[in-house]
Amino acid sequence: MTRLAHGQERALGQLVTAGTLSKQEADAVRNALTDAEETPVRRRIAEVVGYVGGALLVAGAALVVGTSWDSFSHAGRVGLLIGVTVVLVGAAVALRNQVTGVLLALGAVTAGLAGSVAFDTHPALAGGIAALVLAAAGYAAWPAVFALPVAGIASGSVVVGLVDLVGFTPSWTGGGLLLLAAVWGVLVFYDAIRHRAVGAGVAAALALIGAQFPEHAFIQYTTTLVVALVCFGCYLADRMPILLIGGVIGVTIAVPEAIWDWTGGAVNAAVLVLIAGAVLLLAGGVGLRVHRP
C-alpha cells in the first residue's frame, strides 16, 4: 500500500493528538485515502494494458493476414477472423473499463471482415450486417463513442449491399444512404443515441455521401446543397457544431460542381480549386459568425 504525503500524515497525527480521532479512526482514514489514490492508478494501468493488448492483437492478426493469407483455406480465413473477434469481445467483457468501447468497436470491425470473407459473393451486405449487429449490441451493452462510426460505416455497407443484391442503379444507392441518414437523424432527435453529436455527424456524412451517388450532375449538386441547408437548419435548432461543419462541407462540394456543370467543364481544375477554397472560407466565416452566442 502506498504511503500518504507527509502533510497528510502530519494532519492525521495532529487530529489523533488533539483527541479528534482515535488511532483506529486515523488508520481507517489513512486506508481509505490510500485506496482512493491507488484505484485510479490501477485503473489507468489496466486501461493502458488493454489498449496495448488490443493494438497488439489487431496488429498481429493483420501481420498474419498479410504474410500468410494465401496459405489459409476459406474456412481458415473465416475462423481466424472469428477467433480475433471472440478474443476482442472477451477482453472487453473481462476488463469493463474505458478500453471496453474500443475493443468492442474493433470486434465489430473484425466481425464485419469475417462476414465479408465468409459470404464473398455479397461481401458488402454480409460484412455490413455482421459489423452492424455487433456494433449495435456493443453500444447497447457499453455505450462508447467508438461504436458509432463503425455502426455508421456498417449500415452504409448494408445499403450498398442491398442495392447491389437487387441490381439497382447507383442512384438507388444514393437514395438508400439518404434514407439511412434520416434514420440516424431520427435516432439522434429522440435521444436513442447517447452521444448525439457523433450520431449527428454520422447522419451528415451518410447524407453527403449519398447525395454524390446520383449519375446526373444536376441531381448531385442540388441534393448536396439541400443536405447542406438541412444541416444548417438543424444546427440552428440544436446548435451542434458537427452539423455546421456538415453544412460547410456540403456547400463547398456543391458550388464547384454546379459551376463545372453550368460552364460545361470549361473551368479548369486549378480554378475549381480556387473556387472551392473561396467558398470554404466564405461558408466557414459565415458559420463562425452564426456560431457565436
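All values derive from a computational prediction rather than experimental measurement.
Going from atom CG of L88 over to atom CG of L103 covers 6.0 Å, rounded to the nearest 0.5 Å. A distance of 6.0 Å separates CG in L165 from CG in L125, rounded to the nearest 0.5 Å. Note that the CG atom of L104 and the OG1 atom of T85 stand 11.5 Å from one another [nearest 0.5 Å]. With rounding to the nearest 0.5 angstrom, the CD1 atom of I245 is 10.5 Å from the SG atom of C231. To the nearest 0.5 angstrom, L113 atom CG is 11.5 Å from I82 atom CD1. Note that CZ of R239 is 13.0 Å distant from SG of C234, once rounded to the nearest 0.5 Å.
One N or O on the side chain of T252 and one on the backbone of V248 form a donor-acceptor pair closer than 3.5 Å. Checking side-chain atoms of H122 against main-chain N and O of S116 turns up no donor-acceptor pair under 3.5 Å. Using modelled atom types, no side-chain atom of T110 and backbone atom of V84 make a donor-acceptor pair closer than 3.5 Å.
Sorted by first and then second residue, the salt bridge (Lys or Arg N to Asp or Glu O under 4.0 Å) pairs with a member in residues 163-191 read D191-R196; sequence neighbours excluded.
The same ILVMFWY cluster, assembled from side-chain heavy atoms under 4.5 Å apart, contains both I242 and L236. Criterion: ILVMFWY side-chain heavy atoms under 4.5 Å apart, direct or through other members. Under it, V230 and Y235 are not part of a common hydrophobic cluster. Put simply, V150 and I153 are part of two different groups of oily side chains (I, L, V, M, F, W, Y) that touch within less than 4.5 Å, one to the next. Cluster membership check: L243 does not share its hydrophobic cluster with V186, using side-chain heavy-atom separations under 4.5 Å among Ile, Leu, Val, Met, Phe, Trp and Tyr. Cluster annotation: V99 and W142 are assigned to distinct hydrophobic clusters (Ile/Leu/Val/Met/Phe/Trp/Tyr, side-chain heavy-atom contacts under 4.5 Å, transitive).
Scanning for side chain to side chain contact (heavy atoms under 4.5 Å, CB included) contacts around F213 gives P170, T173, L177, I209, with sequence neighbours left out. Listed by chain and number, the residues in a ring pair (Phe, Tyr, Trp, His ring centres under 6.0 Å) with W172 are F168 (sequence neighbours excluded). Under the side chain to side chain contact (heavy atoms under 4.5 Å, CB included) criterion, A258 pairs with Y221, W262, sequence neighbours left out.
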Let me have the donor-acceptor pairs involving side chains of residues 222-229, under 3.5 Å, with sequence neighbours excluded, atom names and distances please.
residue : atom : partner : partner atom : Å
T222    : OG1  : F218    : O            : 2.6
T223    : OG1  : I219    : O            : 2.6
T224    : OG1  : Q212    : NE2          : 2.7
T224    : OG1  : Q220    : O            : 2.7

Under 3.5 Å, which donor-acceptor pairs link side chains of residues 129-141 to any protein atom two or more places apart or in another chain?
residue : atom : partner : partner atom : Å
Y139    : OH   : R194    : N            : 3.1
Y139    : OH   : H195    : N            : 3.2
Y139    : OH   : H195    : ND1          : 2.8

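The minimum heavy-atom distance between G156 and L180, with the atom names listed, is N-CD2, 3.6 Å. Nearest approach of V198 to P149, heavy atoms of both residues: CG1-CD, 4.3 Å. Listed here is the closest heavy atom pair of A203 and G185: CB-N, 4.0 Å. Residues G246 and L208 come closest through the heavy atom pair O-CD1, 3.8 Å. Minimum heavy-atom separation, L206 to S155: CD1-OG, 4.3 Å.
For the pair F189 and D238, the minimum side-chain heavy-atom distance is 4.5 Å or more.
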**OP:** Please step through side-chain contact (heavy atoms from CB on, under 4.5 Å) for the pair H74 and V78, ending with a clear verdict.
**Re:** CA-CA 6 Å; H74 183 264; V78 176; 4.1 Å; yes

**OP:** Quick one: do W184 and L148 satisfy side-chain contact (heavy atoms from CB on, under 4.5 Å)? Show the steps, please.
**Re:** CA-CA 10 Å; W184 275 86; L148 295 179; 4.2 Å; yes

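Results of the side chain to side chain contact (heavy atoms under 4.5 Å, CB included) test with L162 over V158, V159, V166 single out V158 as the only residue that passes.
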